[in-house]
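Some notes on the structure that comes next.
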Number of protein chains: 4
Amino acid sequence: MVAIANAEDGTEGIYVHAAPFFGDGHGQFEFMASEVSREKPIDYATMARLLIDQRDAADGYTIWITGPALVHSRARSDMSWFIDNGFVGALLAGNAVAVHDIEASIYGTTLGMTRTGEIKAGGHGLHMRAINMVREAGSIAAAVKQGLIKDGIMYECVTHNVPFVLTGSIRDDGPLPDVITDMVKAQDAMRAHTVKATMAVLVATALHAIATGNMLPAYVTERDGGLRELPTICVDSSEFVVSKLKDRGSHQAFGVVTNAQDFMHILRLYVERELESRGSAK
Amino acid sequence: MVAIANAEDGTEGIYVHAAPFFGDGHGQFEFMASEVSREKPIDYATMARLLIDQRDAADGYTIWITGPALVHSRARSDMSWFIDNGFVGALLAGNAVAVHDIEASIYGTTLGMTRTGEIKAGGHGLHMRAINMVREAGSIAAAVKQGLIKDGIMYECVTHNVPFVLTGSIRDDGPLPDVITDMVKAQDAMRAHTVKATMAVLVATALHAIATGNMLPAYVTERDGGLRELPTICVDSSEFVVSKLKDRGSHQAFGVVTNAQDFMHILRLYVERELESRGSAK
Amino acid sequence: MVAIANAEDGTEGIYVHAAPFFGDGHGQFEFMASEVSREKPIDYATMARLLIDQRDAADGYTIWITGPALVHSRARSDMSWFIDNGFVGALLAGNAVAVHDIEASIYGTTLGMTRTGEIKAGGHGLHMRAINMVREAGSIAAAVKQGLIKDGIMYECVTHNVPFVLTGSIRDDGPLPDVITDMVKAQDAMRAHTVKATMAVLVATALHAIATGNMLPAYVTERDGGLRELPTICVDSSEFVVSKLKDRGSHQAFGVVTNAQDFMHILRLYVERELESRGSAK
Amino acid sequence: MVAIANAEDGTEGIYVHAAPFFGDGHGQFEFMASEVSREKPIDYATMARLLIDQRDAADGYTIWITGPALVHSRARSDMSWFIDNGFVGALLAGNAVAVHDIEASIYGTTLGMTRTGEIKAGGHGLHMRAINMVREAGSIAAAVKQGLIKDGIMYECVTHNVPFVLTGSIRDDGPLPDVITDMVKAQDAMRAHTVKATMAVLVATALHAIATGNMLPAYVTERDGGLRELPTICVDSSEFVVSKLKDRGSHQAFGVVTNAQDFMHILRLYVERELESRGSAK
């Protein structure tokens, strides 16, 4: 049964009272009260515990939504580690994440830039060559099987049967053969995962973070019928994206304002420590 | 005839020498040498002259690429003015620009926020209602003809036969019936305009600005066969987007770091002044 | 009589109840609820009315706190216009504002950059030459009287007897002879003006905006004993500074996220229009 | 002997030719050519090696310039670790760094916020209480000796005889008794360290980073008379500060766009790994 009304003030018989979920606020003279700020401490320990809890729960399903900044840098090996160790239920991303990741596997560069940030001569064309190779192979999975793609994020997804949804965008080169170029179909493909999600991690992607925020339920129904907030981690270099996410109604998102590669590295470190303290390294 | 080589150093018989176009630099002790900065003066007078020159040129074709921030605010009436006065050859935008603009025409709000920034009770659903009305009408043009949409950006485009391309994105609500949801088709639709462009104005849209930057030629061929740089104005609230545009090879873009609504208002003011001084208001 | 207590919850006999001043909030499903955002409309008309009201009120005293970005650009002539037309009760700024303004008057550059953003050969030393000239003259007022400084912000302050406080900072070159280099004395000098302020305009200066925010009273006592909020306009290129200001307790500040030179230009335009409609151009 | 000329083009007999130091550039079709970007990889391994090299060199003198964001968060214990392990030749900071650090030692909060980001009731006054306690003790060193300050950045500086310069600013509360409130004297105190510096680390402080950038020599003279660039690490949440630093002539600065607490944590991690691989933990 679903109760429906448009007014929020009770005049149609329904009154929205969310305070019991959200608490009742603080005193009147608040310092540091802004919700999203680079100056707030980042609670890696709690995030690490949540990730492990969801991995080990019977119905845990953590979806990761990532942007290309994550692949431009060292974060690629950390993301691969998270997939390899069972922390990723599904990966939702754009064409660019897969393109950069595959260019890195084949040529050792991302957009022609080496791991140490040097620009390789002629490197501006390498991502197109990588795309064309995968197109010839037929799909990313085929390219992995043929030994073309030997490591990285897409490699780990394919070899561990982690489902991924690659959605197109108007600024894509290519795209890769696996990319869903129709946005209505792509949203449907994403929703197939967001509806099952028990946790969400959104890293360095304004576009996909907001898309996912629109789809994510605010609460997860527990087995005993109870409700708990769906934990959502949103990482971006600026306060803007997270504030925007909240402006569109994703109340439960908590924001981390930092660099994506640093975030991934420390998060992995805390997960490894927590696994060690639990005596359960996978 | 097209000469082709991969190496950039002349070893394949082709040497790229762009300096005659770009000049040969400055002294060694430069202050304020960063190319993109909010602290640089903004040359509205030159931009206004260029816009009028292109409007009045026989083959002038200025394309505008705009983001939703432009419609959230007062800039909507300024943008409408530019269309009404012949400065817009084609409009390239996402679903959200049209949705917010049409919500503003029907309900007087954008995402439920009034022109003065107040939040209207129940306003969070108005953009969906607006989309549904246009879907029922069949198209934006039909909704204009039926009198549903009475003013604004889309209204001016329809009544002045200014072509528009609305492209979908993964974060769209709706979308509107005119939106091209397949990204490959949407890129083709955009290219039909970028190839004709003699000037480009990109306002408040990281996604579409970079998409368009990928498609825009660097030079326009004059009637006498000469080459001139295609003037490109890129407006954003942060230095990041314009720097990113340059990183991907849009050398000719010059950046304006400011708020979209302020940009539109001052640009219009300078265009009006220049028109007056030329004695040629429209 | 002043009531004093440390606890905020009434346990010491005092309960803080600010809601009557701040209103009682909105519905539960808010869109666009963030307080500071570049996507919110900017209400120039109200700001213009407030500025004129304060100028024409018997006890009106509007203090302006400005950063150097304002002088780097065309905003210099707009700021001069505001001083010339009686809108500035006092100017609080750092050494750099006066240095750039005086370099502009003597050499036509700011930090060696011309009004159109070109870098002048040898221009990196001009601000030091300007400082040395004023040091030789003895003070800014003396340099104005000797005809060395012929226009601009400091010129208008001197010729209209508008008091100014120039405070030093650790990154200053020079400084100019009028600059108060001791921070304790500088704060006292600023407080002499903030205590009288009936309105405050803070443009493009994180450092001085927060300093002034710390000093500004939240309310102004009217002649009839009533309280009204002290209107505070805070302009910056990013949401960060205004959020930071609010984090430190400046509840009454409302933020404008835009470029300083565009802000000044449009604000002046609206003030001119409002003056015209009131039939009272000074 | 010093050669002096004003023109940069050789007309006064001196021609500046810096290319041998800076290299001669790349090809014409550069991707990712912007110098400062959050999307570039961060080379923690090289930074860690440089820090250890300077610590162990006979004349190594690494100065650290830090902002309060570093103390708001977990980075405080990492910074303390760097001091404790000999990596800090001198600490240059503003009043706020010491205030927050001392509040953290006495009350366990920074600006009333706990280590996990909770706002403590009545916490808005704690930094003032901390300042007053130190004022009563007479100095930070005295407060350490009396057992008032038991851990943290200032504690480590005092107990390890690491010199620190605390400079005032116009937005300071207090200030603490050790703070140099006169900016001319404060600059002199900073210069006493910058002139000896063989490396500089600037974290999360626009104001002090630019102040220090103005003072730092571009090159260090080696014992054999050779010149090498003075390595400078500049960490900030946005590209803006580092670009600004470069605009003012600090060519040798390389920028890290990230969150200060994450930077400190990973840098320490890499230093610990490098020490281990060198078999020389302190």
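Here is how names work: the chains are called A, B, and so on, in the same order as the sequence lines, proteins then strands, and each is numbered from 1. The shown structure was predicted, so the numbers you read here are calculated from the model rather than taken from an experiment.
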**OP:** Take D:Ser169 and C:Ile170 through the side chain to side chain contact (heavy atoms under 4.5 Å, CB included) test and state the conclusion after the steps.
**Re:** CA-CA 8 Å; D:Ser169 106; C:Ile170 194 68; over 6 Å; no
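- To the nearest 0.5 Å, the span separating CD1 on D:Ile180 from CG on C:Asp182 amounts to 11.5 Å.
- Between the side chain of C:Gln187 and the backbone N or O of D:Asp173, no donor-acceptor pair lies under 3.5 Å.
- Pairing each heavy atom of C:Arg171 with each of D:Ala206, the nearest pair is NH1-O, 4.3 Å.
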